[in-house]
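Before any comments, here is the structure.
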Amino acid sequence: MPRLMPEDASLLLDHVVGDPSVPAAAANAALAALPFPSRPTPRLLRASLLRRLAADPVSAAALDSLQLLASLPSSPSPAAPAAAAAAAAHLAVAAYLAVSAPDFDAAAGALFGRPGGRARRAVEEGGAAALASDEADAVADQFEAAVGNSFSQTVLRGLWGDRAAAEERVRELLAVEWAAIGQSRLEMAAERIVGDGAIETWRAADEVTRAKYRLLAGEQRAREIEGKLGETIPQGNQISTPEVHKVMDALKSSCANLHSVVEDPLPAAKAAADEVLAARMDKAVDLNAGEVSNQPTACDIAGPSAPADNLDAPRKGTAASLMDWNPTARTFQWEDSPDPDGSRSPIHRPQLPSPRRTTFSPLQPADNKAKRRKARKWCALEEETLRKGVEQYGNGNWKDILTNNPDVFIGRKAMDLKDKWRNMMR
DNA sequence: GATTGGGTTAAAT
DNA sequence: ATTTAACCCAATC
């Protein structure tokens with residue numbers, strides 16, 4: 001058995017750490033067990049940052065990760081949703097750090113002050129393109145202006161002081177990023193050898209290499225590919241002894257074992273992406289519905305959908321708000337209001353510039369038919385986690401089980417957990 | 001909003 | 001053709 005070379009370690013980490021269905025614990029174990037490559041693949045670098053963010057989504061270190069992530073060369077498709085999610089997460093974390101710091105003035109200055117503020121630099125020209133936006137500029141200005149102004153600080157705390165909201169922005173970014181992370185080097189190689197590109201690859205291979213391909217592809221697939229090559233399988237070249245058969249069987253079963261352990265990450269990633277897109281489209285539709293009643297075809301019209309919607313001040317409670325009757329109007333409302341009875345006239349509310357929103361157009365808004373998700377088989381880890389979850393949180397508490405295992409149940413809904421449990425109990 | 005029972009779809013046998 | 005697993009819907013709490 002040859003020693004594990006650094007390139008091999010790099011390939012393995014690229015495959016495992018970059019696979020969203022591999023739980024954090026397993027990825028960390030792999031990272032601890034193998035030398036981290038001196039020149040990691042972009043995918044591995046990205047995945048490492050994502051996992052670091054997942055473990056610690058709202059902190060100074062997270063802000064670093066977010067900025068680093070934005071400075072990486074973008075994934076295969078530099079999708080607009082990804083950039084929007086990155087900008088929203090970065091802004092939410094930076095703003096939360098500022099408002100939650102013991103010394104607002106110092107923190108806001110360090111983060112948003114001109115010219116050297118950490119977050120300011122990231123969102124301005126010359127910083128990461130993905131993080132730049134009019135909204136980010138506006139918020140940076142707000143924070144800068146709030147230094148020494150306790151009233152503005154109160155407003156900003158109300159707007160940005162919800163840690164859970166900031167974390168949610170980061171989780172949304174993680175979902176988008178994982179969905180776009182693409183194939184590992186190993187998967188691409190596998191694709192070339194047994195997938196669509198097989199014919200060309202096999203044609204170019206010499207007989208020794210092709211023999212290896214045959215082992216990797218399995219007997220049946222190899223026959224298919226060689227059939228398409230228009231060549232007969234050279235029986236004469238095959239050594240046929242019981243020993244060779246034993247070795248081949250062993251290889252095949254270890255291959256099968258590998259397949260059963262290493263889940264294809266793409267379906268989960270696709271599901272996660274669909275999830276995010278669907279959630280956004282739902283929001284768009286809901287806004288339209290609330291605004292224009294009795295208009296069944298309203299979904300066809302591009303509405304005021306806004307992915308940055310939840311960047312709003314956390315609006316808890318049921319107090320009536322201007323937002324209730326005029327969705328385009330903006331008002332501030334904060335939890336730690338000094339007059340909880342609401343007796344103060346709105347005229348006294350501070351006049352900070354409202355964060356601007358970038359309009360977001362979901363793909364294919366015309367197709368309102370919510371299409372059925374493609375059925376994706378449950379892997380052993382999911383089943384085991386579900387079993388443990390029912391034990392721990394109780395039968396029926398699907399939401400708890402789901403939200404406490406976000407790494408495992410990627411693209412699943414609470415309802416799916418219920419259905420799966422029903423199947424498992426049959 | 002979360003959960004549930006009953007129903008539909010499509011893959012597997 | 002039948003069975004099974006994953007997914008969806010609408011009622012209910």
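Below, read A as the first sequence line, B as the second, and so on, with proteins coming before strands; counting in each chain starts at 1. All values below come from the heavy atoms of this structure, side chains included, with hydrogens, waters and symmetry mates left out.
For residues 49-60 of chain A, the pairs satisfying side-chain hydrogen bond (donor to acceptor under 3.5 Å, both in side chains) are A:R52-A:S65, A:D56-A:S59, with sequence neighbours left out.
A salt bridge does not link A:D19 with A:R43: none of the charged nitrogens is closer than 4.0 Å to a carboxylate oxygen. We find that A:E168 and A:R171 are not joined by a salt bridge, their nearest charged nitrogen and carboxylate oxygen being 4.0 Å or further apart.
With the end axes of the helix from B:dG1-C:dC13 to B:dT13-C:dA1 each set by five pairs, the angle from one to the other reads 0° at 10° resolution.
A pairwise comparison of heavy atoms in A:P37 and A:L13 identifies CD-CD1, 3.7 Å as the closest pair. Taking every heavy atom of both residues into account, A:F104 and A:A98 meet most closely at CD1-O, 3.8 Å. Contact detail for A:G18 and A:A47: the closest heavy-atom pair is CA-CB, 3.5 Å.
The side-chain hydrogen bond (donor to acceptor under 3.5 Å, both in side chains) check on A:D416 picks up A:R373, with sequence neighbours excluded. Considering only residues two or more places apart in sequence or on other chains, A:Q392 meets the side-chain contact (heavy atoms from CB on, under 4.5 Å) condition with none of them. Checked against side-chain contact (heavy atoms from CB on, under 4.5 Å), A:V390 has the following partners two or more places apart in sequence or in another chain: A:L386, A:N395, A:W398, A:I401, A:W421. Every residue two or more places apart in sequence or in another chain that forms a side-chain contact (heavy atoms from CB on, under 4.5 Å) with A:L97 is listed here: A:L63, A:V93, A:L111. For A:F112, the ring pair (Phe, Tyr, Trp, His ring centres under 6.0 Å) partners at least two apart in sequence or on another chain are A:F143. Scored by the side-chain hydrogen bond (donor to acceptor under 3.5 Å, both in side chains) test, A:N423 finds A:R426 as partners (sequence neighbours excluded). Take A:N405 and apply the side-chain hydrogen bond (donor to acceptor under 3.5 Å, both in side chains) test, not counting sequence neighbours, and it matches no residue.
Separating the NZ atom of A:K420 from the P atom of C:dA6 is a distance of 4 Å, rounded to the nearest angstrom. Rounded to an integer number of Å, the gap from CG of A:D416 to P of C:dC8 is 7 Å. The CD-C1' distance, from A:E382 to C:dA6, rounds to 12 Å in whole Å. C:dA5 atom P lies 12 Å from atom CE of A:M425, rounded to whole Å. A straight line from NZ of A:K371 to C1' of C:dC9 spans 18 Å, rounded to a whole angstrom. Between the P atom of C:dA6 and the CG atom of A:L386 lies a distance of 11 Å, rounded to the nearest Å. Rounded to an integer number of Å, the gap from A:K413 NZ to B:dT4 P is 17 Å. For the pair A:R373 CZ and C:dC9 C1', the interatomic distance rounds to 13 Å; values are reported in whole Å.
A heavy atom closer than 4.0 Å to some atom of DNA chain B occurs in A:G396, these being the qualifying members of residues 389-396 of chain A. Listed by residue number, the members of residues 398-406 of chain A with any heavy atom below 4.0 angstrom from DNA chain B are A:W398, A:K399.
Contact check, A:K374 against C:dC7: no side-chain N or O comes under 4.0 Å of OP1 or OP2. In terms of phosphate contacts, A:N423 brings no side-chain nitrogen or oxygen within less than 4.0 Å of OP1 or OP2 of C:dT4.
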Could I get a table of every N or O pair under 3.5 Å where one atom is in the protein and the other is in nucleotides 5-9 of chain B?
residue : atom : partner : partner atom : Å
B:dG5   : N7   : A:K418  : NZ           : 3.2
B:dG5   : O6   : A:K418  : NZ           : 2.9
B:dG6   : N7   : A:R422  : NH1          : 3.1
B:dG6   : O6   : A:R422  : NH2          : 2.9
B:dG7   : O6   : A:R422  : NH2          : 3.4
B:dT8   : O2   : A:R372  : NH2          : 3.2

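In this structure, A:R412 satisfies the cation-pi test against A:W378, with its NZ or CZ atom closer than 6.0 Å to the six-membered ring centre and inside 45 degrees of the ring normal.
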